[in-house]
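Taking it in order: structure first as structure tokens, then the write-up.
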Amino acid sequence: MNAPPKTFHVKSFGCQMNVYDGDRMGELMAAQGLTATDDQFAADLVILNTCHIRERATDKVYSDIGRIRKESGKLGGNPMIAVAGCVAQAEGQEIVRRAKVDVVVGPQAYHNLPDLVARASRGEAALDTDMPVDMKFGYLPARRRVPPSAFLTVQEGCDKFCTYCVVPYTRGAEVSRPFAAIVDEAKALVDAGAKEITLLGQNVNAWDDDGKGLHDLIAALDRITGLARIRYTTSHPNDMADGLIAAHRYVGKLMPFLHLPVQSGSDRILKAMNRSHSRDGYLRLLDRVREARPDIALSGDFIVGFPGETEADFAETLSLVDAVGYAQAYSFKYSPRPGTPAATMADQIAPDVMDERLQRLQAALNRDQAAFNAASVGRRCAVLLERKGKLEGQLIGKSPWLQSVHLLGDAAIGDLVEVGIVEAGANSVMGERRNAPSLT
Ligand code: SAH
Ligand code: SF4
Ligand code: F3S
């Protein structure tokens, strides 16, 4: 039994959709009269919004639960612990058994969190991992205060079943939110202070509603007064429709950035991964995107050490990286996930081989990121200021190409300022304020 909590803390561990969910859980608890606290050890209710994508992400949940109990205990507290997110979905009752948490709630059921917390306060079982047909979004409170760059989930789930991935099991089948509900939420975000909206989905470019595709949604957002920038992530190569590519040519607010994971440069491995696109198909797709928007910054995801990956396969990944020249990218060691086909495939790769390949891949990706940043020196662009830096008077924002831009000056968070890029680093660039109108 716990007394009903008065304060709460939400900790999100996963992808951007997981962060969006965490924000909305926070709004939901605040609407119940609870107060948010930044101190995880002082909260009456700690919501761990978990990620199941790799083994390490999952392990982190259990170590965190132990640490919260210990540190809160030192302060005389005994917080209610709720496990939400993709580990909750995948492990369900097992979490209650293993870690004796109070609430377990899956990513499609968190609108029921207030009820589950009330049940747990009464000492009752509180687990909900249902995937209702009726989506949760209609049950969530209105958006009130949001950062200048806000997330908006438009599509959830995945039907692709890549052989290494848990997402189709933790998030369920592909479902799109209705067009009108998304446009309403986008307007509410802008009213609450958003200047940039990133449309989110596990396969965001698979979004559809009654014949409308993602580019129609982007065109509708383009018409919202007060919204300056539109982005979307994550896209799957097979859902990159002509209309979406064309939107990069003609939609003024759509930023020149595309995150398009490829995972491997070897056709043999892509097939074993069930990616259903080839190396060549991916490269040709990027050619078309670059034709529509020549300055587009490209990003990707890679997995090294997928079962059966030979040195020759890996060399194809490196050569694909060379061919594309990514502005930034994420790379991971393959992590076998329970219940996925790849976990039981023959020829699992030894950890030291994976480490060595990851290092080589990251060296290539870092080289290209540094080159992209160096090539932007001399460019002039708008920067959306997102936060203050550590130095006196320092501001940090994003360029259209999603680079972190550091600058000194007198402006407010949420302002769009004209900047000349004057210096490049590995992970960020330095900018100087300019007053004349920008061309970008
Ligand atoms: N829907 C997106 C991304 C999903 S997860 C897509 O298809 O691209 C984000 C990234 O995590 C994936 O792109 C992949 O690179 C990585 N990932 C997924 N499962 C993994 C696993 N079992 N081991 C290592 N990395 C994995
Ligand atoms: Fe996972 Fe593949 Fe779906 Fe992406 S497309 S979420 S990697 S199954
Ligand atoms: Fe992780 Fe779930 Fe996102 S597994 S990457 S939080 S969809």
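All values below come from the heavy atoms of this structure, side chains included, with hydrogens, waters and symmetry mates left out.
Under a 3.5 Å cut-off, the side chain of Ser176 and the backbone N or O of Asp208 do form a donor-acceptor pair. Judged purely by atom type and a 3.5 angstrom limit, Thr163 uses its side chain to pair as donor or acceptor with the backbone of Ala272. Here the side chain of Asp159 pairs no donor or acceptor atom with the backbone of Ala173 at under 3.5 angstrom.
In this structure Asp368 satisfies the salt bridge (charged side-chain N to carboxylate O under 4.0 Å, His left out) test with no other residue, sequence neighbours excluded. With sequence neighbours left out, the salt bridge (charged side-chain N to carboxylate O under 4.0 Å, His left out) criterion links Arg231 to Glu196. Scored by the side-chain hydrogen bond (donor to acceptor under 3.5 Å, both in side chains) test, Ser331 finds Gln362 as partners (sequence neighbours excluded).
Close placement of the Phe161 and Tyr169 rings is indicated, their centers lying within 6.0 Å of each other. Checked against the 6.0 Å centroid criterion, the rings of Phe302 and Tyr326 qualify as a close aromatic pair.
Inspection of the Thr58 and His52 side chains reveals an N or O donor paired with an N or O acceptor under 3.5 Å. Judged purely by distance below 3.5 Å, without hydrogens or angles, the side chains of Gln394 and Lys388 never pair a donor atom with an acceptor atom. Looking at Asp239 and Asn203, their side chains never bring a donor and an acceptor atom within 3.5 Å of each other. Between the side chains of Arg279 and Ser319, a donor-acceptor pair is found at a separation under 3.5 Å. In the model, Ser278 has no side-chain atom that pairs as donor or acceptor with a side-chain atom of Asp267 under 3.5 Å. Of the N and O atoms on the side chains of Asn373 and Gln403, at least one donor lies less than 3.5 Å from an acceptor on the other residue.
Note: Asp209 CG to Arg177 CZ = 11.5 Å, rounded to the nearest 0.5 Å. Phe179 contributes atom CZ, which lies 6.0 Å from atom CH2 of Trp207 (distance to the nearest 0.5 angstrom). For the atom pair Gln16 CD and Thr198 OG1, the distance stands at 7.0 Å (nearest 0.5 Å). In this structure, the separation between CD on Glu432 and CD1 on Ile421 is 11.5 Å, given to the nearest 0.5 Å. Once rounded to the nearest 0.5 Å, the distance linking OH of Tyr139 with NE2 of His111 reads 6.0 Å. To the nearest 0.5 Å, the span separating CD1 on Ile303 from OH on Tyr334 amounts to 8.5 Å.
Glu311 has a carboxylate O that lies under 4.0 Å from a charged side-chain N of Arg360, or vice versa, which qualifies the two as a salt bridge. A salt bridge is defined here as a Lys NZ or Arg NE, NH1 or NH2 lying under 4.0 Å from an Asp or Glu carboxylate O, and Glu418 with Arg434 fails to meet this definition. A salt bridge is defined here as a Lys NZ or Arg NE, NH1 or NH2 lying under 4.0 Å from an Asp or Glu carboxylate O, and Asp313 with Arg357 fails to meet this definition. The residues Arg143 and Glu27 are annotated as salt-bridged, a charged nitrogen and a carboxylate oxygen being separated by less than 4.0 angstrom. Under a 4.0 Å N-O distance rule, the pair Lys398/Glu386 qualifies as a salt bridge. Checked for salt-bridge contact, Arg145 and Asp23 miss the test: no charged N lies under 4.0 Å from a carboxylate O. Ion pair Lys60/Glu55 not flagged as a salt bridge, since none of the NZ, NE, NH1 or NH2 atoms sits closer than 4.0 Å to an Asp/Glu carboxylate oxygen. In summary, Lys187 and Glu185 do not engage in a salt bridge, as defined by a charged side-chain N under 4.0 Å from a carboxylate O.
Proximity of Val304 to Thr317: side-chain heavy atoms (C-beta onward) are nowhere separated by under 4.5 Å. No side-chain heavy atom of Phe41 sits less than 4.5 Å from a side-chain heavy atom of Val46. Looking at heavy atoms from C-beta onward, Ile396 lies out of side-chain contact with Leu385 at the 4.5 angstrom threshold. Using a 4.5 Å cut-off on side-chain heavy atoms (C-beta onward), Met354 and Ser335 make no contact.
When each of Val324, Leu286, Val289 is tested with Leu260 by the rule side chain to side chain contact (heavy atoms under 4.5 Å, CB included), just one qualifies, namely Leu286. Only one option out of Leu113, Asn112, Val103 pairs with Asp128 in a side chain to side chain contact (heavy atoms under 4.5 Å, CB included); it is Asn112.
For Asp352, the CG atom counts as densely surrounded, since its 6.0 Å shell holds more than 12 non-hydrogen atoms of other residues, nucleotides or ligands. In Arg144, the CZ atom is not crowded: 12 or fewer heavy atoms of neighbouring residues, nucleotides or ligands sit closer than 6.0 Å. Heavy atoms from other residues, nucleotides or ligands lying under 6.0 Å from NZ of Lys160 number more than 12.
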- prompt: Under the side chain to side chain contact (heavy atoms under 4.5 Å, CB included) criterion, do Ile68 and Leu48 qualify, and how do the steps go?
  reply: CA-CA 10 Å; Ile68 289 164; Leu48 298 174; 3.8 Å; yes
task: Dump the intermediate steps for side chain to side chain contact (heavy atoms under 4.5 Å, CB included) on Leu199 and Phe151, then the final yes or no.
output: CA-CA 6 Å; Leu199 302 175; Phe151 291 148; over 6 Å; no
message: With side chain to side chain contact (heavy atoms under 4.5 Å, CB included) as the criterion, how do Leu384 and Val417 come out once you've worked through the C-alpha distance, each side chain's angles and the decisive distance to 0.1 Å?
response: CA-CA 7 Å; Leu384 176 61; Val417 295; over 6 Å; no
field: Derivation and outcome, side chain to side chain contact (heavy atoms under 4.5 Å, CB included), residues Lys11 and Phe13
entry: CA-CA 7 Å; Lys11 202 167 167 187; Phe13 296 82; 4.3 Å; yes
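Remark: Arg98 is positioned above the aromatic ring of Tyr62, its terminal NZ or CZ atom under 6.0 angstrom from the ring centre and at most 45 degrees off the axis.
Between Tyr20 and Phe137, the two ring planes are tilted [angle within 30° to 60°].
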Residues 210-220 side chain polar contacts: donor-acceptor under 3.5 Å, at least two apart:
residue: Asp216; atom: OD2; partner: Gly213; partner atom: N; Å: 2.8

Distance-only criterion, 3.5 Å: show the donor-acceptor pairs between side-chain atoms of residues 339-346 and protein atoms not counting sequence neighbours.
residue: Thr340; atom: OG1; partner: Arg337; partner atom: O; Å: 2.6
residue: Thr344; atom: OG1; partner: Pro341; partner atom: O; Å: 3.2

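When all heavy atoms of Pro307 and Gln348 are compared, the pair lying nearest together is CG-NE2, 3.5 Å. Nearest heavy atom pair, residue Asn18 against residue Thr50, reads ND2-O, 3.1 Å. Nearest heavy atom pair, residue Gly85 against residue Pro107, reads O-CD, 3.4 Å. Residues Val190 and Thr225 come closest through the heavy atom pair CG1-O, 3.7 Å. Here the closest heavy-atom approach between residue Ile53 and residue Cys165 is recorded as CD1-SG, 4.2 Å. Nearest heavy-atom pair across Met29 and Ile47 is CG-CD1, 4.0 Å.
For the side-chain hydrogen bond (donor to acceptor under 3.5 Å, both in side chains) condition, the pairs that include at least one residue of residues 242-256, sequence neighbours left out, are Tyr232-His248, Asp242-Arg288.
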